[in-house]
Amino acid sequence: MIEVRGITKTYKTGDVLFEALKGIDFSIKDGEFVAIMGPSGSGKSTLMHILGALDNPTSGTYFLDGKNVSTLSDDELADIRKDKIGFVFQSFNLLPRTTVLRNVMLPLVYSGIDAGEREAKARKSLLLAGLDEGHFHNLSNQLSGGQIQRVAIARALVNEPSLILADEPTGNLDSKTSEIVLGTFQRLNKELGRTIVLITHEQDIAEHADRILFIKDGKLIEDRTTHLKRIVNQK
Amino acid sequence: MKTSDILHETYSSLSANKARSGLTMLGIIIGIASVIAMTAIGQGAQSSIESSIQSIGSNLIIVAPGAQRGPGFQVSAGRGSAKSLKISDANAIASDVASVKAVAPEVTGRYQVTALGTNTNTEVSGVTSTYGDVRNVQAEEGSFITDQNVESASKIAVIGPSARDDLFGAGTDPIGQTIRIKQQDFKIVGMTKAKGGSGFSNQDDIIFIPITTAERFLSGDQYVTTISVSAQDSNSTTQVQNDITSLLLNLHHISDPTQADFSTFNQADIIATASSITGTLTILLAAIAGISLIVGGIGIMNMMLTTVTERTREIGLRKAIGAKKKDINKQFLVEAITLTFSGGFVGVVLGLLISFLMTYFGILETTVSLSSIILAFCVSAGIGIIFGYYPAKRAANLNPIDALRYE
């Protein structure tokens, strides 16, 4: 459950103040698949950083699972990210020259899960993300873009977070692979009831979600359910 | 983050860049190995020089004639050239100076020595029976010069091993052979134990004959070349040296000590001088090695800084998935320390190996001290912590958002 109330974010560069977010309110219920859409410079990245507990808002409150995240210290934010949030990035950010399994196990290292249990959990979430077992011991740089992004999704899932935050996850992929990755998100949302927030600047990508929040110039200008949801048929 | 995880992360990130990790460690390896090897060489040189000085004799004081001066315009023929010491001086030292163990006067000269079909130019030393005790010379075969030989001025000789090699060939038995020095035949009755050359002179290229024989047939006068005196113990050498000086000044009727026609050397002074030279040498070598150790440490810092920059996105990702500052800090610090420690370990082994090989191949008898190993190892650990701290702190303080965006 996400509740955002009156969030603002102001950056200061020298003497120049820049208001990236000018008071945003919305809430997202558990199990929703929401796209946050806006052109570049609209403030959607800033919003994503706040939702992802990477940054504190200048004012306003952000409740994640009933906990006020907006005023926490660096280390407390790290704990929130560890326990409640799974990130999927545009540039994948896998560890190079490291096996798929170890990449997926990485979040478990920081959450203090016993080494024995890690591999089983990693395998489970890799299968959920739709990667063949044959690739589990490949090095991350031996995979295709679509496979890499599934590994990244598996890594986001492995800690069973309350929220999966995908920042332009298809930005570096071709349209066919993008469809597959978006299909993976839809399946995780529908079959496992995962809450997913997808950040994108493309309308047709956003239309894969159930609900779209339009951000422009730091303000929420529209909040609507998707008129015509694009559904990817999974084999 | 558990310790085992940190070690695992360290292992995988260091082994992912084997060449770079290896090269970085090489700096520390060379640094540590040279610190250990250099100090071992320095200390080896020190003890080898000291022992070769000791082999000249123990608690030795040498009295040598002063420079020869002509009347009027002073032309010096050089120190030791004057004929101012006599056997009577040696006898006076033996009877009048306290704490003297033995006195050995000596008449030395270089002569062409011939044997059957061979000849060599070597030092011929006329000595008394006490010479062996004072100057640490023993007969290996046969006997050394005896009092009887000196009394009767017999034409017998005791030959050094190197002179034997030159005249009769290595490994031959010279005893009973005859050699000719200055048209006189000498019968060889003994050979001395090898003492080895000490770089400056070969102590084995020598022939000993009775001092009386040398005076009568070779030098033709009553003067001696040097008087070697051995004191009772090392504490009395200075006292004995002073007593000899005042006794001889008195005997030679010289009132001004600066005008003395002889000079005295104390072995302890020579050892002290040699020790201070080799001590300086050891410090110099260690300093050079220390510099390479510091350069190695800077190499580690350089690599760690490069690593932090190169792995900025990885650091950002680790932070995004919940790594705290202290986790990142620990990870990079442990990496640097692991590099220096393993480098330090290999360096110690390499240093020991170099020292061992130097000894094994007879280049120099090296002495590895435990303290140099401990010091080198502590320094390498310290370098790991100091030069790893700054890069690790930089990594830990990265903002996850900026780090993730870093291109």
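In what follows, chains carry the letters A, B, and so on, assigned in the order in which the sequence lines appear, proteins first and then strands, with residues in each chain numbered from 1.
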Looking only at B/Ala323, B/Ser12, B/Ser13, B/Ala16, most heavy-atom pairs under 4.5 Å shared with chain A are made by B/Ala323
Heavy-atom side-chain proximity of B/Leu317 to A/Phe89 below 4.5 angstrom: yes
Is the CZ atom of A/Phe63 crowded by more than 12 outside heavy atoms at less than 6.0 Å? yes
Sidechain N-carboxylate O distance under 4.0 Å for B/Lys326, A/Asp75: no
Measure the shortest side-chain to side-chain distance between B/His8 and A/Val109 over non-hydrogen atoms and say whether it is less than 4.5 angstrom. no
Can you establish whether the number of heavy atoms outside A/Tyr11 located under 6.0 Å from its atom OH is more than 12? yes
Would you call A/Tyr110 and B/Arg318 a side-chain contact if the rule is heavy atoms closer than 4.5 Å? yes
Give, for atom CG of B/Asn399 and atom CG of A/Asp55, the distance between the pair rounded to the nearest 0.5 Å. 7.0 Å
Run the salt-bridge test on A/Arg102 and B/Glu9 with the 4.0 Å N-O cut-off and return the result as yes or no. yes
Which atoms of A/Asp114 come close to chain B, meaning under 4.5 Å heavy atom to heavy atom: side chain ones, backbone ones, both, or neither? both
Within-4.5 Å side-chain heavy-atom neighbours: A/Lys82 and B/Ile321: no
Is B/Asp5 salt-bridged to A/Arg118, cutoff N-O under 4.0 Å? yes
Using modelled atom types only, decide if a donor and an acceptor are shared between the side chain of B/Arg313 and the backbone of A/Asn93 within a distance under 3.5 Å. no
Which bit of A/Ser91 is near chain B, if near means a heavy-atom gap under 4.5 Å: side chain, backbone, both or neither? both
Would the number of heavy atoms belonging to other residues, nucleotides or ligands and lying under 6.0 Å from CZ of A/Phe136 be above 12? yes
Side chain from CB out, backbone as N, CA, C, O: work out which of these in A/Ile113 comes under 4.5 Å of a heavy atom of chain B, or both, or neither. backbone
Mind running side chain to side chain contact (heavy atoms under 4.5 Å, CB included) on A/Asp74 and B/Lys324 for me, showing each step along the way? CA-CA 8 Å; A/Asp74 280 358; B/Lys324 296 201 173 86; over 6 Å; no
